[in-house]
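Data block below; observations after.
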Amino acid sequence: MWKWFHMLASPPHFYRIAGLTIPWFGWPALVLILVGLYGGLVLAPADYQQGDGFRIFYVHVPSAIMSMMVYGIMATAAAIGLIWRMKLAHAVAAASAPIGAWFTFCALATGSLWGKPMWGTWWEWDARLTSELILLFLYLGYIALRSSIEDPQRADRASAVLALVGVINLPIIHYSVVWWNSLHQGSTMFNPGAMSIEMKWPALSMLFGFMLYYGAVLFVRLRAEVIRRERNAAWLRQELAL
Amino acid sequence: MQTTGLLKAGGLLYSRDLRLAFRRWEQVTQPVVFFLMVTTLFPLALSPEQAQLRQVAAGVVWVAALLSALLALEFMFRSDYEDGTLEQLVLSGQPLWWLALVKAFAHWTVSGLPLVVTSPLVAASLAVPTGAMMTVVASLLLGTGILSFLGAVGAGLTLGVRRGSVLLSLLVLPLTMPALIFGARAVDMAIMGDEPAGPLYLLGALFILSLTLGPFATSAALKVSME
């Protein structure tokens, strides 16, 4: 197990494996997203209350789930990197941050577009919206800290500490915002309880498609990161046949 | 090789930090002046009407206090980092989390406590009724403490980073939002004549969390920055 672990962590080995796995993530992601979009935009019946407007749900909810999942993966990778001093884990955390930030942005943007026809406003200081916005700030802080430290090893470890502090704070932020909001007004507007199966499966398809997409982009970014860090290594010259 | 006890070492560090801070008096007074100035801006920008000021007072006091404390946060480790004192502290054989805790506490004494002391003045100028003063002071006592212990992590991480002060706000502000929510809520409830104990307890819980976990994260951050 450990041997396999160390082999995976060696840059040349990882570079090759990542190259092989990208299509295995990328193509299924494309198929699942296309199927999910077709199912969501064409096959699923219109909502009896929101009409066709609810269909943005198929992009919004998977993005929101991904935005939190990616932060979890990022913090886990950061912890592994700090504890076992594994460069690859740090690279995973670093590569995940921009992807997660984009998912968060997509969730916010689609939520805003959805809010305009449904609630009559682009932005509502709803608990979920607010905690999602704070999540975006956490991602941006992480990216900013990383980019302002030049030494890569120091950047790795500093941003890992920040990611861990952030992940402890995330539930606190979430619940504080929920309580803050419930003090101000009634419960949130939409409940995802009653959904028929033909409305649900495209969403699941989209979610899995997004996960695989994340995997594919993560490996592309990791390969780029390996190239950047090992730019003077002999194996890379051979690999790229320079 | 630990020769000095924890308490002794902590006391020495604390008194040293205080002495240094009071020799650079303007560093202590500047956040307070900033606090007073920012809160003066609000009546000018919004309206001098008492009823309207009272409505926004809780938020204004809290946001202004948070920003003023943030202003001072940058200096928590900076001069010690630049003149090598921090390196000596890391090498001193004392547990770094303890030194981080003491330094954050000393920093709070010179930057957070003055804000707490001046807060009734600011609150009164924003038409906060006298009955709510205790809540203003109590909530800011906890709130500035949270900012010092949590902000120490950010201050440690941004040591030796270009344009560190903007970055520091970017890192620390999202983390302090829960404190802001509960603190401003408590003050608001007190102004309206409600019992503010609920949000104050939650604020206390946040304070204990940042007091107990913050120093460990700070010591990790300092170790990274000292490499």
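Worth saying up front: this structure is predicted, and the values here are computed from it rather than measured. The sequence lines fix the lettering, A, B, ..., with proteins before strands; numbering per chain opens at 1.
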ask   = How about Leu162(A) and Leu157(B): do any of their side-chain heavy atoms sit closer than 4.5 Å?
value = yes

request  = Can you establish whether the number of heavy atoms outside Phe207(B) located under 6.0 Å from its atom CZ is more than 12?
outcome  = yes

task = Identify which of Leu171(B), Thr158(B), Leu170(B), Leu202(B) forms the greatest number of heavy-atom pairs closer than 4.5 Å to chain A.
result = Leu171(B)

message = Could you tell me if the side chain of Arg154(A) sits less than 4.5 Å from the side chain of Val161(B), heavy atoms only?
response = yes

key: salt bridge (charged side-chain N to carboxylate O under 4.0 Å, His left out): pairs with one or both residues in residues 137-147 of chain A, sequence neighbours excluded   = Arg146(A)-Asp156(A)

note = Given Asp151(A), Leu140(A), Leu145(A), the one with more heavy-atom pairs under 4.5 angstrom with chain B than any other is Leu145(A)

ask   = Just how far is it from atom CG of Leu150(B) to atom CG of Asn169(A), taken to the nearest 0.5 Å?
value = 6.0 Å

ask   = Near Arg229(A) CZ, under 6.0 Å, is it more than 12 heavy atoms from other residues, nucleotides or ligands?
value = yes

query = If you look at every heavy atom in Val224(B) and Ala158(A), which pair is closest and at what distance?
reply = CG1-N, 3.6 Å

query = Which pairs, with at least one residue in residues 187-214 of chain B and sequence neighbours excluded, count as a side chain to side chain donor-acceptor pair (under 3.5 Å)?
reply = none

inquiry  = Counting only heavy atoms not in Tyr14(B) (residues, nucleotides, ligands), do more than 12 fall under 6.0 Å from its OH?
reply    = yes

ask   = Is it the side chain or the backbone of Leu173(B) that comes within 4.5 Å of chain A heavy atoms, both, or neither?
value = neither

For chain A, the option from Ser169(B), Ala220(B), Pro178(B) that forms the most heavy-atom pairs under 4.5 Å = Pro178(B)

key: Check: Leu175(B) and Leu138(A) side chains under 4.5 Å, non-hydrogen atoms   = yes

Heavy-atom pair of closest approach, residues Leu167(B) and Ala144(A) = CD1-CB, 3.5 Å

message = Counting only heavy atoms not in Gln153(A) (residues, nucleotides, ligands), do more than 12 fall under 6.0 Å from its CD?
response = no

ask   = Which bit of Glu150(A) is near chain B, if near means a heavy-atom gap under 4.5 Å: side chain, backbone, both or neither?
value = side chain

task = Measure the CD1-CZ distance between Ile172(A) and Phe182(B) for me, rounded to the nearest 0.5 Å.
result = 9.0 Å

query = Is it the backbone or the side chain of Leu206(B) that comes under 4.5 Å from a heavy atom of chain A, or both, or neither?
reply = side chain

